[in-house]
Trainee: 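Just passing along the structure, written as structure tokens.
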Amino acid sequence: SVIDNIGIPYSGLNLSYSNSAPVGPGDADVLVSLNSKHRPTIEYQRQLRDALEQKFPGVTFWYLPTDIVSQILNFGLPAPVDVQVIGNNQIANRQVADRILDRLRQVPGAVDLHIQQPFDAPMLDIDVDRTKAQQVGYSQRDVAQNILVALSGSFQTTPTFFLNPENGISYNIAVQAPQYETDSLQGLSNIPVATSGTAEPQILANLATVTRGTEQATVTHYNIQPVVDVYGSVDRTDLASVATEVRRIVAEEEKNLPRGTQISVRGQILTMRSAYTGLAGGLIFAIGLVYLLIVVNFQSWKDPFIIIAALPAAIAGIIWLLFLTGTHVSVPALTGAIMAMGVATANSILVVSFAKDQMIAGKTALEAALNAGFTRLRPVLMTALAMIIGMFPMALGLGEGGEQNAPLGRAVIGGLLFATAATLFFVPVFFMLLHRHEKAPETALRLDGPGGTEATAE
């Protein structure tokens, strides 16, 4: 199904609930609802980008964030990339924004680039001849008030109510000129101008001149200051690479900014920085905390180091599978990496703890490592396979919006594939190498000989 919202909504309530915030009759919001069994949404977006640009070369198209994840990450913005040109000089800011827009179009992977505030909206400039108006008894305020009432009604400026005596209900009354009588310059010039005084009624053409012009269709402010937004999205690449080029372009443009103008990069780029910093720090903190916890449990600094030796293999597996499937590093992928680290550490603990018990029982380091790898083979494989099989449907990205969580499943599967192999083969070998010089602990056995004599065998 397809729903088209063309132009500005009739009601202000409808405008407040609109996603794209149309600013004029030339804007349209097209909502396409896909069937339940459809291919990934990004494929349809790529097809429409190529087809619409060829069929409508003079029209600008861009895609809004439709899923709740993108909307939250964008913090309400219509695009993940937002370059704001901030300053009071709107004309100079527009020139800076145009230069940034032209340079961003050369960045690989940057799509849906546009300036949110159009400067070419049609405008009618009514220039009142104050001398002529005063000669017939009118002021600038009288003319402006008559035009305001005729074009937009009088309810907001002078509310009028009618009380129906029959039912006692009060009705709002709005006085406004019929729109079909003001749909041309001639009809606009014939708007009557009158006051409650003694001045003779006039028409607008006798007091003012109407000319055509252009103006800014929408005005945006951030922290009180007016801004011009350059919006853009990312396709066929990752946000980090586009963000690097955006920062480079902004750094070069900041050298030639007019006085009082500054550039700020907002949008999902800021969210990405904070999220990656927090998740990377959380991953390092989790590994360190698990290491210290195992140190307390094993009462050793060496054995916990052997346990976490499988984690580099898990990281390698995560990177390998993400690269193999063409998946970019994202917040779900990093979340899956933390999950894979936890399972890999648990499997390594099974192997190392069993090997330690074997050495306490009198086995050598080599024998303990072989027995641990052989005995713990089934529990480690069952734990890893259960996690991999459970994440496999998510990794395929099936279902509506399934591609959003697919990186999490792929990161877990790739990490466990490599970590399981390292746990079963590398960890026992590493354990044997670090404990090869240690001897089995000596045990004392007391024997009671005949006649009450005691003998001790070691």
Trainee: If only side-chain N and O atoms count, and only distance matters, is there a donor-acceptor pair under 3.5 Å linking Asp120 with Thr214?
Mentor: no
Trainee: With distance as the sole test, does Arg410 use its side chain to make a donor-acceptor pair with the main-chain N or O of Ala395 at under 3.5 Å?
Mentor: yes
Trainee: Can you tell me how far the CD atom of Gln225 sits from the OG1 atom of Thr220, to the nearest 0.5 Å?
Mentor: 13.5 Å
Trainee: I need the Met339 CE to Met341 CE distance, nearest 0.5 Å.
Mentor: 12.5 Å
Trainee: Any donor-acceptor pair under 3.5 Å linking the side chain of Gln84 with the backbone of Val227?
Mentor: no
Trainee: Rounded to the nearest 0.5 Å, how far apart are CG of Leu101 and CD of Gln106?
Mentor: 10.5 Å
Trainee: Do side-chain atoms of Thr261 reach the backbone of Leu257 as a donor and acceptor pair under 3.5 angstrom?
Mentor: no
Trainee: Under 4.0 Å between a Lys/Arg side-chain N and an Asp/Glu carboxylate O for Asp102 and Arg105?
Mentor: yes
Trainee: Only one of Thr375, Asn371, Thr364 forms a side chain to side chain donor-acceptor pair (under 3.5 Å) with Gln358, so which one is it?
Mentor: Asn371
Trainee: Please confirm whether the backbone N or O of Ile6 pairs with a side-chain atom of Asp4, one donor and one acceptor, at under 3.5 Å?
Mentor: no
Trainee: Could you report the tightest heavy-atom contact between Asn256 and Arg99, atom names first, then the distance?
Mentor: O-NH2, 4.1 Å
Trainee: Examine the side chains of Ser264 and Arg266 and answer whether a donor and an acceptor come within less than 3.5 Å of each other.
Mentor: yes
Trainee: If you round to the nearest 0.5 Å, how far is OG1 of Thr244 from CD1 of Ile249?
Mentor: 11.0 Å
Trainee: Please check if the side chain of Ser241 supplies one atom and the backbone of Asp238 the other of a donor-acceptor pair under 3.5 Å.
Mentor: yes
Trainee: Nearest 0.5 Å, please: how far is CD1 in Ile307 from CG in Asn347?
Mentor: 11.5 Å
Trainee: Any side-chain heavy atom of Leu433 sitting closer than 4.5 Å to one from Val429?
Mentor: yes
Trainee: Nearest 0.5 Å, please: how far is CD1 in Ile319 from OG1 in Thr327?
Mentor: 13.5 Å
Trainee: Should Glu245 and Arg248 count as an ion pair when the cut-off is N to O under 4.0 Å?
Mentor: yes
Trainee: Can you give me the closest heavy-atom contact between Tyr291 and Trp301, atom names plus distance?
Mentor: OH-O, 3.0 Å
Trainee: Inspect the contact between Arg46 and Asp50 and indicate whether a charged nitrogen and a carboxylate oxygen are less than 4.0 angstrom apart.
Mentor: no
Trainee: Has Tyr180 got more than 12 heavy atoms of other residues, nucleotides or ligands less than 6.0 Å from its OH?
Mentor: no
Trainee: Is the backbone of Gln45 close enough, under 3.5 Å, to the side chain of Tyr63 for a donor and an acceptor to pair up by distance?
Mentor: yes
Trainee: Can you find a side-chain donor-acceptor pair between Asp229 and Gln117 that sits under 3.5 Å?
Mentor: yes
Trainee: Does the plane of the ring in Phe426 sit parallel, tilted or perpendicular to the ring in Phe430? Use 30° and 60° as the thresholds.
Mentor: parallel
Trainee: Check the pair Trp62 / Tyr231 against ring pair (Phe, Tyr, Trp, His ring centres under 6.0 Å), numbers first and verdict last.
Mentor: CA-CA 9 Å; Trp62 65 85; Tyr231 287 135; 8.5 Å; no
Trainee: Between Arg49 and Asp112, does any NZ, NE, NH1 or NH2 come within less than 4.0 Å of an OD or OE carboxylate oxygen?
Mentor: yes
